[in-house]
Amino acid sequence: MDTTSEPTWQEQLRDAFREPSELAAFLNTPLDRLPPLPRSGSFPLLVPRGFANRMRKGDPLDPLLRQVWPDASESVTAPEELSDPVGDLSSRKAPGLLQKYASRALVVTTGACAVHCRYCFRQNFPYDESATSPSRWAAQLDAFRADASLREAVLSGGDPLVLPDSAFAARVADLESVAHLSTLRIHSRLPVVLPSRITSDLCRILSTSRLRVVVVAHANHPSEIDSSVASAIARLRGAGAVVLNQSVLLAGVNDSADALENLSLALWDAGAMPYYLHALDRVEGSSRFRVADADGIRLIEELRRRLPGYLVPRFVREIEGEPSKTPVG
Ligand SMILES: *Cc1c(COP(=O)(O)O)cnc(C)c1O
Ligand code: SF4
């Protein structure tokens, strides 16, 4: 075996931090300077080492660390918080297939992710039910085939790029066989948290597809975007994909005009366009990340003064039953 070669993305994922004490030691930050951990957790810590490497050593307030550090406050549900805050359970077209909006439907491709984001609204989703079983996929594909109003398939999750290339390629090929589909969208945090996932084999699957490909990456803070991420985005663009980014507005992470401005500029330099800035969904136990709408609106106004219009993300919220994401303000 060639021990000098870079570990594969699968090896890097296996090697990710899963123990808070190990991450704290890696960051030279004593556990007692970090927020107290929850007593028990159904959503354990998960952080690839490459992502942890972009955190500032010795800084318990690092904005990347804050996104992934389990916090005792997660066990407290504020009155307005819900386990299914965006109505996912009521918009199923088939098991694991959600349609809320015209012309596009979203596949819950897998429950697995390469990082566990503490603010994530999917952490309470009943994934075991929407596992990656062949019969589940066959039913989802039938639903795409049966509805000629659908132009776009959105692969989401969890994270669809956690699938191995063979399984991913099979899904793309199946979607290509549905004549009325023209666009394949991939919502993934892997270009940012595990950029080595963007392999030449994956790029070949995308570049040889008849479908137009949109990749919506997910970075919340400019420090997430280093040269490895820029290279991954460049490879995706080289494969013909349009690369967008969505973020969530998070207290203590990116709730300042400087952070949001620098995020947009870093995305632009890396070749990705800011798309959405999401107001946080009312996820159980996420109150430490909440930003008041009025503050978010003020931040967006400040961004408009600082940046060209195409670098200002659309500030939106998901409201159950609405025909699109809803602009805030
Ligand atoms: C957010 C979302 C989409 C994508 O919406 P766009 O405005 O097209 O980005 C599609 N389907 C579902 C179920 C969604 O939640
Ligand atoms: S679905 Fe996305 S935001 Fe949620 S935990 Fe997984 S990677 Fe993070």
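Numbering of ligands and ligand atoms starts at 1, following listing order.
Ser228 and Asp226 share a donor-acceptor pair across their side chains, judged by distance under 3.5 Å alone. When only modelled atom types and interatomic distance are considered, His278 and Glu318 share no side-chain donor-acceptor pair under 3.5 Å. Between the side chains of Arg185 and His187, a donor-acceptor pair is found at a separation under 3.5 Å.
His218 counts as a contact of ligand 2, since one of its heavy atoms falls under 4.0 Å from the ligand. Residue contact check for ligand 1: Gln99 places no non-hydrogen atom closer than 4.0 Å to it. Residue-ligand proximity: Glu152 is placed with every non-hydrogen atom at 4.0 Å or more from ligand 1.
Transitive grouping of hydrophobic side chains (ILVMFWY, heavy atoms separated by less than 4.5 Å) brings Val328 and Leu303 into a common cluster. One hydrophobic cluster, built from ILVMFWY side chains closer than 4.5 Å, holds both Ile300 and Leu249.
Judged by a 6.0 Å distance limit and a 45° cone about the ring axis, Arg118 is not positioned over the six-membered ring of Trp69.
Taking any N or O of Tyr276, backbone or side chain, at least one lies under 3.5 Å from an N or O belonging to ligand 1.
The closest heavy-atom contact to atom 4 (Fe) of ligand 2, among the options Ala114, Cys120, Ser156, Gly158, comes from Cys120.
Atom numbering of ligand 2 starts at 1 in the shown order; those under 4.0 Å from a heavy atom of Arg189 are 7 (S). For ligand 1 and Tyr275, the ligand atoms under 4.0 Å from any heavy atom of the residue are 6 (P), 7 (O), 8 (O), 9 (O). Those atoms of ligand 1 that come under 4.0 Å of a heavy atom in Glu318, given as number and element, are 15 (O). Near Arg104, meaning under 4.0 Å from one of its heavy atoms, ligand 1 places the atoms 5 (O), 6 (P), 7 (O), 8 (O).
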Test salt bridge (charged side-chain N to carboxylate O under 4.0 Å, His left out) on Arg54 and Glu224 and set out the steps. CA-CA 7 Å; Arg54 296 170 224 159; Glu224 290 174 51; over 6 Å; no
Chi angles and distances behind the side chain to side chain donor-acceptor pair (under 3.5 Å) call for Ser196, Glu6: CA-CA 10 Å; Ser196 58; Glu6 279 280 293; over 6 Å; no
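Contacts between Arg185 and ligand 1 below 4.0 angstrom, taking non-hydrogen atoms only, involve the side chain exclusively.
Distances from atom 8 (Fe) of ligand 2 show that Cys117 has an N/O/S atom below 2.8 Å.
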